Amino acid sequence: MKLLTTEHARLIAEAIQKAQSTGQLPPFELPTIEIRPPKKADQGDYACAIAMQIAALADIKAANTNPFDIATTIVQNLPAAGFVSRVEAVRPGFINFWLSEEWLKAQVETIIAEDDTFFRLDKGLGKRAQVEFVSANPTGPLHVGRSRGAMVGDTIARLLEAAGYAVEREYYFNNAGVQMVNLGNSLRIRYLEVLGQPVQIPAEDDTTFYQGVYLQEFARDLVTEQGDALKDADWKPFKEYAEKRMFEIIRGTLRRVNVVHDVFFNENSLYESGAVWETLAALEKAGHIYESATRENADAEEIEKAQHMAPAKWFRSTTFGDNEDRVVVKNDGNPTYTLPDIAYHMNKLGRGFDLLVNILGADHGAQYKVVQYGVKALGMDASKINVVIIQLVRMIRDGKEVKMSTRRGDYDTLDDLIDQTSPDVVRYILLARSADSHLNFDLDLAVKQSNDNPVYYVQNAHVRCAGILREAGARGLSDEDADVQLLGSAEQRFLRKALELGEVIDVSTALLEPHRIAFYAHELAGIFHPIYDEVRAMHGDVSPEVAKARLRFYRAAQVVFKRVLNLMGMSAPERM
RNA sequence: GCCCCCGUAGCUCAGUGGAUAGAGCGCAGCCCUCCGGAGGCUGAAGCACAGGUUCGAGUCCUGUCGGGGGCACCA
């Protein structure tokens, strides 16, 4: 199925060209032709405001040509098209198109034939895209805040696939930092505790200790597996063990919500390959690094404070628009996170993707800019790195905010949430907000299985289609060889909306705004349910031919709902 | 103090510079002997404020006020 907006735009472009060649319109540089379904039914199925844009062009404006006349001229020159039944120019200068009802009804068969590939677009054909998301270090289970990025990232990946891209999902992690040492030490203490050794469990406010119950579980398993063999070991084997177990948990959790990464990229590999130091060398060679105890242009107070400090290596990111320069190598010789981050993005750019997408939480929002400055400093095109910043999730229970902390152990894990609700509910709620908007996750509402909950409303549409076809089968009724021209205006209302799916995929991938598919799904269901109420297929006063056509329609509707649910990573249940 | 995001209906949120700003919940009424009851119909109610750009602004720009987040030789 092709994008109907594009098809209409092509007609307009041809009409303008024709009008120009005959002198009905003067020559001008054509603005982008935007086609959009209007809000009101009497304004057609698709509308175009190009005549107003043309009238506003400087030389046209000088000639004082009014937009309505331009629109009329365009309409007069439009070529015929099978999908259009009527076109009209209206004041102040809109061009409104109506879809051919005959053509529209025939799309039932197209939808059924295309099935899972309904509106697979070609805009990403032959192109490779990478989406990096989640990327949590394995210090604890995923909590709800993190998982918003998981749903957004995975849904962007699914939409990009629908747009025709070959997509890779990547998870970037660091198992070498001080947090992982703390994790190893925390497990060591729990291990010794299980062995009955006299250990002091650190206090709750000790920021170097992970309190979570999962570590006690790991400790018990470790004793079962290895006995007291590790009683004199340092943190290292404990870190190894905790990391392995934690990743199993994280991957298992993600799998529950249909999120599967193709590549797990370890920051360590950038040290092993030498990429980190090569990045530093390249920055130095380009003259963007200086060695100093303070940043350049530091004030007296700062210099005073740093007078006994050994020099560090600074990246002069202010050259590229940063507020201040950044340390890339600490005075103890170790890099800050910035340097491997730059190296990582250079690595990504070097892998030849046509599109890179990076999903980050708002708490990391400022950091990506430094990476982009670094990439720019090395002569690469930083604009190829598309960053989606996701605002934080606020958990609400009993109308009040629930504070979360992984280290303290009183987090709301994604696993807990899935247990209380369902993978589909979690996916939908975390997806159905613009990334720019703070998300209030109402735990009470999510847990509630009622029609307050939009997830069921959408899935029930699919259930109803499946149910009616199941019932028809039981009664020996078939929808084969149906005459879809017998369908009525209600069914056409649904088909019009279904044919907008392509635009949703197109726009949400172009703008990297996957929440659009969630709202679309709800709107589509909102159009479907009244129709289902009204358009009976197996009622006494419905003729067999009409019944057959309607069953055919419900089969097409089922395809559309299944496709949309799949794009959101949700299941399409046959029964509730 | 500086940077980023957000202020749209009582609440939670949509709205790719186009025509009369939408949905869900809640509230007030109502419908359905169904292939669905996690259903359907109707109604009240809104763009924080002030300038600007534009043929046209909820949308873009500036400022004010309000809310959230970030500003380490931590990641």
Side-chain angles (χ1 to χ4, degrees), chain A residues 34 36 38-40 42-43 47-49 52-53 55-56 61 66-67 90-94 96 137 139 174 176-180 207 267 293-294 306 309-314 322-324 326-332 334-338 340-341 361-367 369 389-392 394 396 399 432-440 442 445 448-457 459-461 463-465 467-472 474-475 477 503 506-508 510-511 513 515-516 518-520 522-523 526 529-534 536-539 547 550-551 554 576:
Chain A
E34 303 274 2
R36 189 180 300 271
K39 289 168 191 159
K40 301 288 169 187
D42 62 357
Q43 294 165 353
C48 182
M52 264 97 75
Q53 288 169 258
K61 204 172 170 182
N66 86 58
V90 293
R91 292 187 191 280
F94 292 100
N96 297 334
N137 290 338
T139 56
N174 171 22
V178 66
Q179 300 297 338
M180 293 301 293
T207 57
E267 182 183 324
T294 63
M309 285 174 74
K313 290 194 177 183
W314 297 74
D322 204 353
N323 297 336
E324 53 187 37
R326 311 284 167 169
V327 171
V328 286
V329 181
K330 296 181 267 184
N331 60 18
D332 66 4
N334 290 312
T336 63
Y337 66 89
T338 303
D341 258 13
D363 51 344
H364 291 67
Q367 276 78 12
K369 282 195 172 171
I389 302 286
I390 299 183
Q391 297 304 312
L392 300 183
R394 194 178 303 142
I396 308 288
R433 288 283 180 280
S434 154
D436 283 340
S437 159
H438 297 270
L439 193 156
N440 287 324
D442 186 333
L445 178 71
K448 216 190 307 181
Q449 300 206 355
S450 75
N451 57 352
D452 298 2
N453 197 327
V455 179
Y456 297 102
Y457 187 75
Q459 288 185 318
N460 193 32
V463 167
R464 285 176 148 184
C465 293
I468 191 170
L469 291 165
R470 190 168 55 235
E471 176 67 20
R475 296 188 190 186
L477 298 171
E503 272 73 34
D506 186 43
V507 172
S508 57
L511 303 177
E513 293 182 352
H515 69 280
R516 289 166 184 274
F519 284 92
Y520 172 78
H522 196 262
E523 285 167 19
H529 286 300
I531 293 171
Y532 190 77
D533 220 36
E534 175 189 337
R536 308 285 164 123
M538 283 174 283
H539 218 248
R550 289 179 176 177
L551 286 173
Y554 285 117
M576 278 300 184

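All of these numbers come straight from a predicted model, not from anything done at the bench. All chains are named by letter (A, B, ...) in the order of the sequence lines, taking the proteins before the strands, and each is independently numbered beginning at 1.
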Picking from [options], which would you name as closest to the side chain of [X]?
| X | options | answer |
| --- | --- | --- |
| A/Arg536 | B/U20, B/G18, B/C35 | B/C35 |
| A/Gln43 | B/A19, B/C35, B/C13 | B/A19 |
| A/Tyr457 | B/G18, B/A14, B/G40 | B/G40 |
| A/Gln391 | B/G69, B/A75, B/C5 | B/C5 |
| A/Lys40 | B/A75, B/U16, B/U20 | B/U20 |
| A/Phe519 | B/C73, B/C6, B/A14 | B/A14 |
| A/His438 | B/A75, B/C5, B/C55 | B/C5 |
| A/Tyr456 | B/U16, B/A38, B/G39 | B/A38 |
| A/Arg516 | B/C2, B/G39, B/U16 | B/U16 |
| A/Pro530 | B/C41, B/G18, B/G39 | B/C41 |

Tell me whether the side-chain N/O atoms of [X] come closer than 4.0 Å to OP1 or OP2 in [N].
| X | N | value |
| --- | --- | --- |
| A/His515 | B/G15 | yes |
| A/Lys369 | B/C4 | no |
| A/Arg470 | B/C35 | no |
| A/Asn440 | B/C13 | yes |
| A/Tyr532 | B/G37 | no |
| A/Ser437 | B/A14 | yes |

Let me see the working for A/Asn174 and A/Gln179 under side-chain contact (heavy atoms from CB on, under 4.5 Å), right down to the final yes or no. CA-CA 10 Å; A/Asn174 171 22; A/Gln179 300 297 338; over 6 Å; no
Would you kindly check whether a donor in the side chain of A/Asn331 faces an acceptor in the base of B/C73, or vice versa, at under 3.5 angstrom?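 In this structure, the two groups form a donor-acceptor pair.
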Whether the side chain of A/Asn96 and the base of B/A19 hold a donor-acceptor pair under 3.5 Å is what I'd like checked.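 Result: at least one qualifying N/O pair found.
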Any donor-acceptor N/O pair, A/His529 side chain to A/Asn460 backbone, under 3.5 Å: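 No, the answer is negative, given that no donor and acceptor are paired below the 3.5 Å cut-off.
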Just so I know, are the side chains of [X] and [Y] near enough to count as touching, which here means a heavy-atom distance under 4.5 Å?
| X | Y | result |
| --- | --- | --- |
| A/Phe94 | A/Gln43 | no |
| A/Glu267 | A/Tyr337 | no |
| A/Asp322 | A/Lys369 | no |

For B/C13 and B/G17, measure between their C1' atoms and round to the nearest Å.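 Approximately 22 Å lies between the C1' atom of B/C13 and that of B/G17.
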Using the C1' atom as the reference point in each nucleotide, state the distance between B/U54 and B/C60 in Å, no decimals.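 It comes out at 10 Å once rounded to the nearest Å.
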Measure the distance from CD on A/Glu34 to P on B/G15 and round it to the nearest whole Å.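 Going from CD in A/Glu34 over to P in B/G15 covers 16 Å.
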CZ of A/Arg326 versus P of B/G70: gap in Å, rounded?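 Computing the A/Arg326:CZ to B/G70:P distance gives 15 Å.
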